[in-house]
Visitor: 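Input: one structure, supplied below.
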Amino acid sequence: MGATPFAAGRDADVYALDGGRVLRRYRDGTDVAVEARFMSHLHAAGFPVPRVHRADGADLVMQRVTGPTMLQALVHGTTEVDAAARILAGLHRRLHTVPPLPDASADERILHLDLHPENVILAPSGPVLVDWRNVRHGPPGLDVAMTALILAQVAVDPDQPMADAAAAALRTYLLVIREHAVPLVADALAIRRANPTQTATELALLDTAAGLLTS
């Protein structure tokens, strides 16, 4: 493993192991066992998620997925906003049809709770959803509301160069997903507010973003 990660998120670093595998390590030592269990279940069900090779403490060794993130494709103009929003909605619809793990309640499904353009890799074989740290069982409307809230936070930020694109993506996403589940905005807002990776600016925009969804 190289000393320098080739990718870094808000709470984890990703290192290349070889041509087909990467190691993602949480900086705060978060155990990846639950995340790996969900990912392995989803991969076995045919959902587009990286294959897990090994999970050990804060380290997750998984399949390396090549391709730009959806956000990179939007910035470079290789993907249209409307198409991107439809991909997000399609991933949610598909995810919520996967049978949950045995410990789920009768009305619960598998939720990603962080589905947005930075966590979708546009691989040659199709979109792949990554970063499953927040995965849990719950109502689909919570997953829908979280994606909508994340897009809305960007849309209402006057300093965000992607604000207009996020607003357009939000409109299309909500239109396409409307018959799938009613967004549980209040619940998503509470979770987002308690997220320690949120910046002060993002927290300050939360109420305005939520208002955009409920107006």
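Just so it is clear, the values below take in all heavy atoms, side chains as well, and ignore hydrogens, waters and symmetry mates.
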Visitor: Go through the side-chain N and O atoms of H112 and D143 and say whether any donor and acceptor fall under 3.5 Å apart.
Guide: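 No.
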Visitor: Between L213 and L149, is there a side-chain heavy-atom distance shorter than 4.5 Å?
Guide: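 Yes. Closest side-chain heavy atoms under 4.5 Å.
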Visitor: Between R178 and L175 (side chain of the first, backbone of the second, donor and acceptor by atom type, cut-off under 3.5 Å), is there such a pair?
Guide: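 It does hold such a pair.
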Visitor: Within the side chain of T97, is there an N or O that forms a donor-acceptor pair under 3.5 Å with the backbone of R94?
Guide: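 Checked: pair present.
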Visitor: Could you go through V156 and L205, starting from their C-alpha distance and side-chain angles, then the distance that decides it, and tell me whether this counts as side-chain contact (heavy atoms from CB on, under 4.5 Å)?
Guide: CA-CA 7 Å; V156 300; L205 293 169; 4.1 Å; yes
Visitor: Are L151 and I191 linked, directly or through other ILVMFWY residues, by side chains that come within less than 4.5 angstrom of each other?
Guide: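 No, because L151 and I191 fall into different hydrophobic clusters, even though each may have its own neighbours under 4.5 Å.
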Visitor: Does the salt bridge (Lys or Arg N to Asp or Glu O under 4.0 Å) test come out yes or no for R37 and D103, once each step is laid out?
Guide: CA-CA 12 Å; R37 179 172 174 244; D103 54 340; 3.8 Å; yes
Visitor: For R93, does the CZ atom have more than 12 heavy-atom neighbours from other residues, nucleotides or ligands under 6.0 Å away?
Guide: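 Check passes, neighbour count above 12.
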Visitor: Can you check whether L91 reaches P48 side chain to side chain, under 4.5 Å on heavy atoms?
Guide: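 SC-SC contact between L91 and P48 confirmed.
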Visitor: Are L203 and N195 close enough, and set up right, to give a side-chain contact (heavy atoms from CB on, under 4.5 Å), and what steps lead you there?
Guide: CA-CA 9 Å; L203 288 171; N195 188 331; over 6 Å; no
Visitor: Could you see if V185 belongs to whatever hydrophobic cluster contains I177? Use Ile, Leu, Val, Met, Phe, Trp, Tyr and a side-chain cutoff under 4.5 Å.
Guide: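 Looking at the clustering, I177 is in the same group as V185.
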Visitor: Could you check R25 against D59 for salt bridge (Lys or Arg N to Asp or Glu O under 4.0 Å), going step by step and ending with a plain yes or no?
Guide: CA-CA 5 Å; R25 173 172 292 158; D59 291 355; 2.7 Å; yes
Visitor: Pairing donors with acceptors under 3.5 angstrom, does anything connect the side chains of D28 and T30?
Guide: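 Yes, because at least one side-chain N or O of D28 sits under 3.5 Å from a partner of the opposite role on T30.
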Visitor: Between I110 and V34, is there a shared hydrophobic cluster once you connect ILVMFWY residues whose side-chain heavy atoms come closer than 4.5 Å?
Guide: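 Yes.
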Visitor: What I want to find out is whether R133 reaches D114 closely enough, with some N-O distance under 4.0 Å, to be called a salt bridge.
Guide: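 Result for this pair is no, no salt bridge flagged.
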Visitor: Go through the steps to decide whether R27 and D13 satisfy the test salt bridge (Lys or Arg N to Asp or Glu O under 4.0 Å), and finish with yes or no.
Guide: CA-CA 7 Å; R27 300 187 201 100; D13 298 307; 3.0 Å; yes
Visitor: Does the side chain of P117 reach to within under 4.5 Å of the side chain of T69, using non-hydrogen atoms?
Guide: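 No; the side chains remain at least 4.5 Å from each other.
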Visitor: Check for me, please, whether L184 and L206 land in the same ILVMFWY cluster - side-chain distances under 4.5 Å, paths through other members count.
Guide: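 Each belongs to a different hydrophobic cluster.
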Visitor: Please answer whether the main-chain N or O of L111 pairs with a side-chain N or O of H96 as donor and acceptor at a distance below 3.5 Å.
Guide: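 No.
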Visitor: Could you tell me whether a side-chain N or O of T78 sits under 3.5 Å from a main-chain N or O of L74, the two making a donor and an acceptor?
Guide: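 Here the side-chain-to-backbone pair does not exist.
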Visitor: Say whether L142 and W132 are linked into one hydrophobic cluster, either directly or through other cluster members, by side-chain heavy-atom distances under 4.5 angstrom.
Guide: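 As far as the 4.5 Å side-chain criterion goes, W132 and L142 are not connected within one cluster.
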Visitor: If you round to the nearest 0.5 Å, how far is CD1 of I121 from OG1 of T66?
Guide: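 Taking OG1 in T66 and CD1 in I121, the distance rounds to 8.5 Å.
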Visitor: Please determine whether side chain to side chain donor-acceptor pair (under 3.5 Å) holds for the pair D107 and S105, giving the CA-CA distance in whole Å, both sets of side-chain angles, and the decisive distance to 0.1 Å.
Guide: CA-CA 6 Å; D107 58 346; S105 298; 4.9 Å; no
Visitor: Is L23 close to L60 at the side-chain level, that is, under 4.5 Å between some pair of heavy atoms?
Guide: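 Result no, sub-4.5 Å side-chain heavy-atom pair not found.
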Visitor: In terms of side-chain heavy atoms, does E118 have a donor or acceptor partner in Q72 at a distance below 3.5 Å?
Guide: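 The criterion, which ignores hydrogens and geometry beyond distance, is not satisfied for Q72 and E118.
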Visitor: Are R21 and M62 side-chain neighbours, meaning at least one heavy-atom pair lies under 4.5 Å?
Guide: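 Of all side-chain heavy-atom pairs linking M62 with R21, none is under 4.5 Å.
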Visitor: Say whether, by atom type as modelled, one donor and one acceptor occur between the side chain of R64 and the main chain of A16 under 3.5 angstrom.
Guide: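 No, R64 side chain to A16 backbone: no donor-acceptor pair under 3.5 Å.
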Visitor: Begin from the C-alpha positions of I150 and M146 and carry the test side-chain contact (heavy atoms from CB on, under 4.5 Å) through to its verdict.
Guide: CA-CA 6 Å; I150 292 170; M146 188 64 73; 4.1 Å; yes
Visitor: Rounded to the nearest 0.5 Å, what separates atom CG in N119 from atom CG in L113?
Guide: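 Answer for the CG-CG pair, N119 versus L113, is 11.5 Å.
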Visitor: Strictly distance-based, threshold 3.5 Å: is any side-chain N or O of E108 a donor or acceptor partner for the main-chain N or O of P139?
Guide: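 Between the backbone of P139 and the side chain of E108 there is no qualifying donor-acceptor contact (under 3.5 Å).
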Visitor: Determine whether more than 12 heavy atoms belonging to other residues, nucleotides or ligands lie under 6.0 Å from atom CG of D164.
Guide: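 It does not: D164 CG has 12 such atoms or fewer within range.
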Visitor: Taking R51's backbone N and O only, do any of them form a donor-acceptor pair with Q63's side chain (distance below 3.5 Å, no angle check)?
Guide: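 Checked: pair present.
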Visitor: Distance only, no hydrogens: is a donor on one side chain within 3.5 Å (strictly under) of an acceptor on the other, for R193 and Q198?
Guide: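 Checked: R193/Q198 side chains show no N/O donor-acceptor pair below 3.5 Å.
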Visitor: Step by step, work out the side-chain contact (heavy atoms from CB on, under 4.5 Å) result for H43 and V52.
Guide: CA-CA 8 Å; H43 186 271; V52 172; over 6 Å; no
Visitor: Parallel, tilted or perpendicular: which one describes the rings of H92 and Y173, with boundaries at 30° and 60°?
Guide: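 Plane angle between 30° and 60°, so tilted.
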Visitor: Pair up each side-chain donor or acceptor in residues 79-87 with any protein partner under 3.5 Å, not counting sequence neighbours, and list the distances.
Guide:
unit_1, atom_1, unit_2, atom_2, d
D82, OD1, T172, OG1, 3.2
D82, OD2, R86, NE, 3.0

